[in-house]
Amino acid sequence: MTVRTRFAPSPTGYLHIGGVRTALFNWLYAKAHGGQFLLRVDDTDQQRNVDAALQPILDGFRWLGIDWDEGPEVGGPHAPYYQSQRGDKYQSAVEALLISGAAYRDFATTDEIQAERESAHQAGKQFTYSRRWMAETEEEAAAFISEGRQAVVRLKMPRTGELIHHDLIRGEVRFPWANEQDHVIQRVDKTCLYHLASVVDDADMQISHVIRAEEHLSNTPRQIFIAQSLGFLLPEYAHLPYVAEPGSKHKLSKRKLDKYLKNKDFAELKAHGERIAERLHLAVDSEVFNPVIVDFYQQIGFLPDAILNYLLLLGWSLDDKTEEFTRDEMIEHFSLERVNKAPASFDPQKLVAFQDRAMQKLPLKQKVAKVLPFLQTAGYIDNPPPCDTGPYLSQICEAAGDRIKIAGDILDYEDFFIADEKLQYDEKTLGKRLRNAVNAVQLLTEFRERLASVKAFDAATLEVKLKEFVAEKEIKIGEIVHAVRVAVTGKAVGFGLFETLAILGRERCLARIDRALQKVKS
RNA sequence: GGCCCCUUCGUCUAGUGGUCUAGGACACCGGCCUUUCACGCCGGCAACACGGGUUCGAGUCCCGUAGGGGUCACCA
């Protein structure tokens with residue numbers, strides 16, 4: 001049997017991090033078994049703008065490298081992959097269900113159903129529809145129609161016994177049929193509802209494994225009922241634990257952003273993102289720009305592999321040690337048997353830790369490539385870039401070492417890209433390290449002359465020269481280093497000082513030192 | 001509330017009756033390295049929800065309790 005899995009997003013306009021985890025597991029399972037992964041659009045409930053609301057989701061998956069074998073934009077043998085365009089298939093299924101007696105037309109109004117529901121509730125009893133407005137024959141239907149009533153189609157669910165089914169993750173689960181409702185599968189306007197559509201599509205698209213979030217577990221009995229009534233072969237089911245909020249056991253949702261912001265780590269991540277976004281002149285619409293949405297990570301320069309690696313470990317593990325996986329390793333090792341049952345909460349700090357490690361391992365060339373678009377968007381480098389950009393950026397990334405944790409962090413080092421006369425000085429640091437530091441102005445003035453005359457302006461030579469200077473003057477190295485740093489970068493912190501000087505080059509260093517001295521004296 | 005699911009350090013997890021004085025990772029706290037920051041290195045703190053069984057022996061099996069969560073639509 002070919003393994004075929006699917007992810008069925010609703011076109012909501014954004015790709016949720018919890019959804020990515022579910023999609024990832026489906027994708028991995030298909031890949032691990034040489035099968036196919038498909039994307040199907042659950043738009044039975046949407047009216048307009050499906051394309052616009054779907055695009056960010058497709059873009060998100062593309063960016064993450066989660067590709068689909070069949071679905072929107074790529075097509076496939078079971079097209080269309082939009083539920084809104086598959087109405088005829090659902091209609092046939094409804095008719096088949098009606099004929100077999102697994103479903104019936106129901107002429108109750110929503111108020112009447114609601115009244116039954118409420119009286120059951122008040123009596124402290126479980127609601128079971130009386131089927132008073134059920135029509136199983138044409139005569140019954142005609143009578144209701146003559147009253148001006150309209151019909152929906154309901155499932156005629158069993159009311160005794162229980163369903164026992166084996167879930168690949170949860171093991172054997174039992175549901176008494178008596179707890180099930182006669183769910184509506186077709187509305188008055190003849191459009192069909194999710195459960196019917198989902199079951200029909202899964203069968204039609206030959207889905208072998210339905211891997212989805214736990215919240216669907218209680219939907220499974222009615223779906224199995226539909227599938228069996230239609231004579232479909234049942235897929236295997238695997239219900240994943242949901243992804244919980246940072247620091248709680250509630251399901252992660254986009255709606256509660258304000259609440260998550262009270263979580264320190266979550267807020268820090270968002271603030272970090274905003275710092276980058278601000279320099280990119282990006283609008284930070286919190287509908288999209290927040291750490292629950294994939295787009296957030298894309299915009300500030302996370303590595304897709306880091307996100308996937310982190311998400312993989314949210315509810316799954318290989319053993320007691322291995323945490324880092326390449327894509328191929330993920331595919332090789334993934335199995336549903338090792339998926340956990342308990343929900344796992346989203347930990348921004350650990351995500352960031354994966355990002356840090358992935359960035360550290362990224363070869364210099366790739367790091368340069370990741371960082372470049374951010375400098376272009378911020379307006380520091382032209383697009384296309386001048387030909388000396390590559391070497392220059394390589395030097396900077398090399399000197400930056402592990403300081404660039406997210407590609408957008410490059411913007412923290414804008415001082416390498418702005419004109420000397422536009423360099424901003426951090427006043428506090430300037431005061432502490434130059435204006436008010438004993439002898440600092442004098443020392444810097446003298447050291448400037450050494451810089452002006454040193455033959456080779458490279459890091460190694462500069463280090464020797466500075467150490468000579470320190471020895472001669474009998475000062476501590478800190479007395480000159482900090483003054484030089486603030487003079488050439490405007491900041492208190494940065495890369496190694498000698499690398500910084502070498503990258504900027506003699507002229508710019510001297511110009512900046514002069515400007516700083518000027519500023520302090522005036 | 002009914003039904004269903006879940007329960008090991010703050011967090012993600014390892015653990016399938018003895019090797020568990022419970023292992024790893026992130027975070028946190030010390031220290032080292034150091035021109036700042038970051039990295040790195042060393043060390044530390046920290047958990048089997050509770051109560052009964054079963055067993056020579058239980059984190060691991062059974063029952064109960066508690067807690068948490070999901071779901072109960074002409075949403076998906």
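Computation of the quantities below employed the complete heavy-atom set of this structure, encompassing side-chain atoms and omitting hydrogens, waters and symmetry-equivalent molecules. Chain letters run A, B, ... following the sequence lines, proteins first, then strands; residues in each count from 1.
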Straight-line distance of L462(A) CG to C509(A) SG, nearest 0.5 Å: 8.0 Å
Taking the [atom1] atom of each, how far is [N] from [M], in whole Å?
N: C33(B); M: C39(B); atom1: C1'; value: 11 Å
N: U7(B); M: A47(B); atom1: C1'; value: 12 Å
N: G52(B); M: G15(B); atom1: C1'; value: 24 Å
N: A25(B); M: A14(B); atom1: C1'; value: 11 Å
N: G24(B); M: A58(B); atom1: C1'; value: 23 Å
N: C74(B); M: G69(B); atom1: C1'; value: 28 Å
N: C5(B); M: C9(B); atom1: P; value: 22 Å
N: G64(B); M: C3(B); atom1: P; value: 14 Å

d([atom1], [X]; [atom2], [N]) in whole Å:
X: K367(A); N: C39(B); atom1: NZ; atom2: C1'; value: 10 Å
X: L217(A); N: G2(B); atom1: CG; atom2: P; value: 19 Å
X: I164(A); N: C4(B); atom1: CD1; atom2: P; value: 12 Å
X: N340(A); N: U16(B); atom1: CG; atom2: P; value: 14 Å
X: E337(A); N: G15(B); atom1: CD; atom2: P; value: 13 Å
X: L318(A); N: C12(B); atom1: CG; atom2: C1'; value: 15 Å
X: R159(A); N: C3(B); atom1: CZ; atom2: P; value: 18 Å
X: R174(A); N: C4(B); atom1: CZ; atom2: P; value: 11 Å

Reading 5' to 3' through nucleotides 68-76 of chain B, protein heavy-atom contacts under 4.0 Å coded B for base, S for sugar-phosphate only, - for none: SSSS-SBSB
Sugar-phosphate or base contact per nucleotide [nucleotides 20-38 of chain B; S, B, -; heavy atom under 4.0 Å]: ---BBBSS-------BBBS
[N] pairs with which nucleotide, Watson-Crick or G-U wobble, both distances below 3.5 Å?
N: G43(B); value: C29(B)
N: C72(B); value: G1(B)
N: U21(B); value: none
N: U60(B); value: none
N: U65(B); value: A49(B)

Answer yes or no: are there more than 12 heavy-atom neighbours, outside [X] itself, under 6.0 Å from its atom [atom1]?
X: E446(A); atom1: CD; answer: yes
X: R132(A); atom1: CZ; answer: no
X: E172(A); atom1: CD; answer: yes
X: K361(A); atom1: NZ; answer: no

A14(B) phosphate, OP1 or OP2, under 4.0 Å from S317(A) side-chain N/O: yes
Proximal nucleotide (of A14(B), C5(B), C39(B)) relative to the R338(A) side chain: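 My answer, after comparing the listed nucleotides, is A14(B).
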Aromatic plane relationship, Y129(A) with F127(A) - under 30° parallel, 30 to 60° tilted, over 60° perpendicular: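 Because their plane-to-plane angle lies in the 30° to 60° range, the rings of F127(A) and Y129(A) count as tilted.
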Plane angle bin for F25(A) and F334(A) - parallel if under 30°, tilted between 30 and 60°, otherwise perpendicular: tilted
Toward the 5' end of RNA chain B, by each residue's nearest nucleotide, L313(A) or E172(A):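 The answer here is E172(A).
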5'-most by nearest nucleotide on RNA chain B - R170(A) or Q126(A):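 Its nearest nucleotide being more 5', the pick is Q126(A).
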Ring pair (Phe, Tyr, Trp, His ring centres under 6.0 Å) evaluation trace for Y81(A) with W68(A): CA-CA 12 Å; Y81(A) 291 89; W68(A) 53 103; over 10 Å; no
Sugar-phosphate, base or nothing in reach of E180(A), heavy atoms under 4.0 Å: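 Result for E180(A) = nothing.
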Sugar-phosphate, base or nothing in reach of V484(A), heavy atoms under 4.0 Å: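 Result for V484(A) = nothing.
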Given R6(A), K89(A), R86(A), R212(A), the one that forms salt bridge (charged side-chain N to carboxylate O under 4.0 Å, His left out) with D202(A):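 Filter result, single survivor: R6(A).
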R187(A), R154(A), K156(A), R149(A) screened by salt bridge (charged side-chain N to carboxylate O under 4.0 Å, His left out) with D106(A), the one that passes: R154(A)
Stepwise ring pair (Phe, Tyr, Trp, His ring centres under 6.0 Å) test for F495(A) and Y413(A): CA-CA 9 Å; F495(A) 309 160; Y413(A) 306 101; 4.6 Å; yes
Aromatic F354(A) / basic R357(A) pairing, under 6.0 angstrom, 45° off normal: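 Verdict for F354(A): a cation-pi partner in R357(A).
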Please tabulate the protein-to-nucleotide N/O contacts below 3.5 Å involving nucleotides 44-51 of chain B, giving atom names and distances.
none

CA sep, side-chain torsions, deciding dist, call: F61(A), F7(A), ring pair (Phe, Tyr, Trp, His ring centres under 6.0 Å): CA-CA 11 Å; F61(A) 279 130; F7(A) 182 69; 5.7 Å; yes
Side chain proximity check, M359(A) to K405(A), heavy atoms < 4.5 angstrom: no
